[in-house]
Amino acid sequence: MAVFRDKEPPKMRVRTPQGTAKVLRAHLAQHNRRVLALATATLVAALAAWALLYIVSCWVLVLAIAIFDLPFTRVPRHFLLVYVVAAVCGIGVAWVDQRLTPNARLRDSKTLWEIFMEFLLAVPNMTLAVGGTLGAWQSLSNEELLGAAELLHRLGEEKRVPMSGVRLQITDPDAAVRILFALQMTQVIDAYREPNNEFWLRLNALRPANLRMAREDSAPA
């Protein structure tokens with residue numbers, strides 16, 4: 001039977017908080033480049049979808065003119081303005097819908113009205129996704145990077161740290177929130193809750209290789 005032997009606390013590969021802060025800065029920069037690339041791709045896709053929708057709308061209008069003998073010989077001159085106003089209204093409706101249902105869960109069955117609204121607001125939601133993607137952009141000051149690095153070294157030594165103990169190490173509450181959010185967003189640390197409702201922090205197994213331990217916590221004999 002394989003048994004696990006206790007080892008002394010693991011050490012960070014980067015030996016000093018200052019060195020870890022430099023690694024974190026590069027890690028956040030790489031994360032932000034990915035965020036910017038994804039936001040750009042989403043914006044291009046949204047613009048393409050709006051252009052395609054405009055072409056389809058013009059085609060439907062021309063078809064309606066031919067079928068119903070409407071008093072037009074071509075697409076009205078101000079149709080583009082009407083389309084832009086409708087698009088802005090659609091984005092506004094999608095924004096309100098997201099605020100009213102911020103944590104909407106997937107369900108096995110939906111009403112016809114819900115399916116219709118999802119289809120109708122697909123392009124507006126895609127447009128709003130650009131802002132949501134940019135919301136993942138992370139930026140920490142030099143002091144906050146050093147505080148984050150010191151927290152990582154503490155996690156490397158203690159293996160886990162209570163969430164309430166972070167306030168003792170990072171006295172500025174706003175900085176603590178930014179640091180914890182950035183480290184979780186970039187998959188450097190994890191937060192989990194114990195049965196007694198106490199929240200704890202630990203290093204994420206998917207963190208960058210240069211922020212990993214020199215050796216594993218334990219190994220099978």
Side-chain angles (χ1 to χ4, degrees), residues 6-43 95 98-106 125 128-218:
D6 293 334
K7 303 288 184 178
E8 60 184 64
K11 303 297 183 182
M12 301 293 290
R13 285 182 177 175
V14 181
R15 299 300 181 181
T16 64
Q18 290 77 11
T20 305
K22 293 180 180 179
V23 175
L24 281 175
R25 183 188 301 278
H27 181 57
L28 291 180
Q30 182 182 25
H31 167 79
N32 289 336
R33 287 194 294 269
R34 292 174 180 172
V35 168
L36 184 59
L38 182 58
T40 301
T42 305
L43 178 60
W95 183 84
Q98 290 182 8
R99 291 300 178 275
L100 293 178
T101 56
N103 298 313
R105 296 182 178 179
L106 295 177
N125 282 326
L128 292 176
V130 177
T133 302
L134 290 176
W137 185 281
Q138 299 300 317
S139 178
L140 297 178
S141 66
N142 292 333
E143 184 178 353
E144 290 169 345
L145 283 170
L146 184 58
E150 292 173 347
L151 175 61
L152 293 184
H153 280 264
R154 181 182 174 186
L155 286 170
E157 293 175 357
E158 302 179 15
K159 299 183 182 179
R160 67 174 191 167
V161 172
M163 186 80 76
S164 56
V166 176
R167 288 292 304 275
L168 300 177
Q169 183 172 352
I170 306 174
T171 56
D172 185 352
D174 294 332
V177 170
R178 287 192 296 270
I179 289 172
L180 292 178
F181 184 74
L183 293 179
Q184 291 183 72
M185 176 65 68
T186 56
Q187 296 184 322
V188 177
I189 64 172
D190 279 330
Y192 66 97
R193 185 171 62 180
E194 296 254 320
N196 60 358
N197 289 330
E198 175 74 20
F199 282 90
W200 292 79
L201 301 175
R202 62 188 174 191
L203 292 171
N204 191 314
L206 299 178
R207 64 191 181 278
N210 48 9
L211 290 176
R212 294 183 181 275
M213 302 306 162
R215 46 198 166 94
E216 297 298 327
D217 297 353
S218 58

- With sequence neighbours excluded, what pairs up with Thr171 under the side-chain hydrogen bond (donor to acceptor under 3.5 Å, both in side chains) test? none
- Query: When rounded to the nearest 0.5 angstrom, what is the spacing between CH2 in Trp200 and CZ in Arg193?
  - Reply: 15.0 Å
- In terms of heavy-atom contacts, Glu198 and Met163 come closest through OE2-N, 4.2 Å
- Quick one: salt bridge (Lys or Arg N to Asp or Glu O under 4.0 Å) partners of Glu144, sequence neighbours excluded? Arg178
- Message: Restricting to non-hydrogen atoms, name the atom on Ala149 and the atom on Ala21 that form the minimum distance, rounded to 0.1 Å.
- Response: CB-N, 3.7 Å
- Message: With rounding to the nearest 0.5 angstrom, report the CD1 to CG distance, Ile170 to Leu146.
- Response: 10.0 Å
- Task: For the pair Glu158 (side chain) and Gly156 (backbone), establish whether a donor and an acceptor sit closer than 3.5 Å, ignoring hydrogens and angles.
- Result: no
- Query: Can you list the residues that meet the side-chain hydrogen bond (donor to acceptor under 3.5 Å, both in side chains) rule with Gln169, with sequence neighbours excluded?
  - Reply: Arg154
- Task: Identify the heavy atoms of Ala39 and Leu134 that sit nearest to each other, and give their distance.
- Result: CB-CD2, 3.6 Å
Could you list the donor-acceptor pairs under 3.5 angstrom formed by side chains in residues 181-191, with sequence neighbours left out?
from	atom 1	to	atom 2	distance (Å)
Gln184	NE2	Leu180	O	3.4
Thr186	OG1	Ala182	O	2.7
Asp190	OD1	Asn204	ND2	3.0

- What's the spacing between Leu128 CG and Thr133 OG1 if we round to 0.5 Å? 10.5 Å
- Query: Atom CD in Glu143, atom CD1 in Ile179: separation rounded to 0.5 Å?
  - Reply: 8.5 Å
- Note on the structure: Nearest heavy-atom approach of Leu24 to Ala148 is CD1-CB, 3.8 Å
- Message: Go through it in stages, so that I can follow the logic: the residues are Asn125 and Gln98, the test is side chain to side chain contact (heavy atoms under 4.5 Å, CB included), and I'd like the CA-CA distance, side-chain angles, deciding distance and then a yes or no.
- Response: CA-CA 9 Å; Asn125 282 326; Gln98 290 182 8; 3.0 Å; yes
- Query: Do Leu145 and Leu28 come within less than 4.5 Å of each other through their side chains, counting heavy atoms only?
  - Reply: yes
- Task: For Arg207 and Leu211, work out which heavy atoms get closest and say how close.
- Result: NE-O, 3.0 Å
- Task: Of all the heavy-atom pairs spanning His153 and Thr20, show the shortest one and how long it is.
- Result: NE2-OG1, 2.6 Å
- Message: Could you work out, with salt bridge (Lys or Arg N to Asp or Glu O under 4.0 Å) as the rule, every residue matching Arg167, not counting sequence neighbours?
- Response: none
- Task: Sorted by first residue and then second, give each side-chain hydrogen bond (donor to acceptor under 3.5 Å, both in side chains) pair with at least one member in residues 21-36; sequence neighbours left out.
- Result: Arg25-Asn142
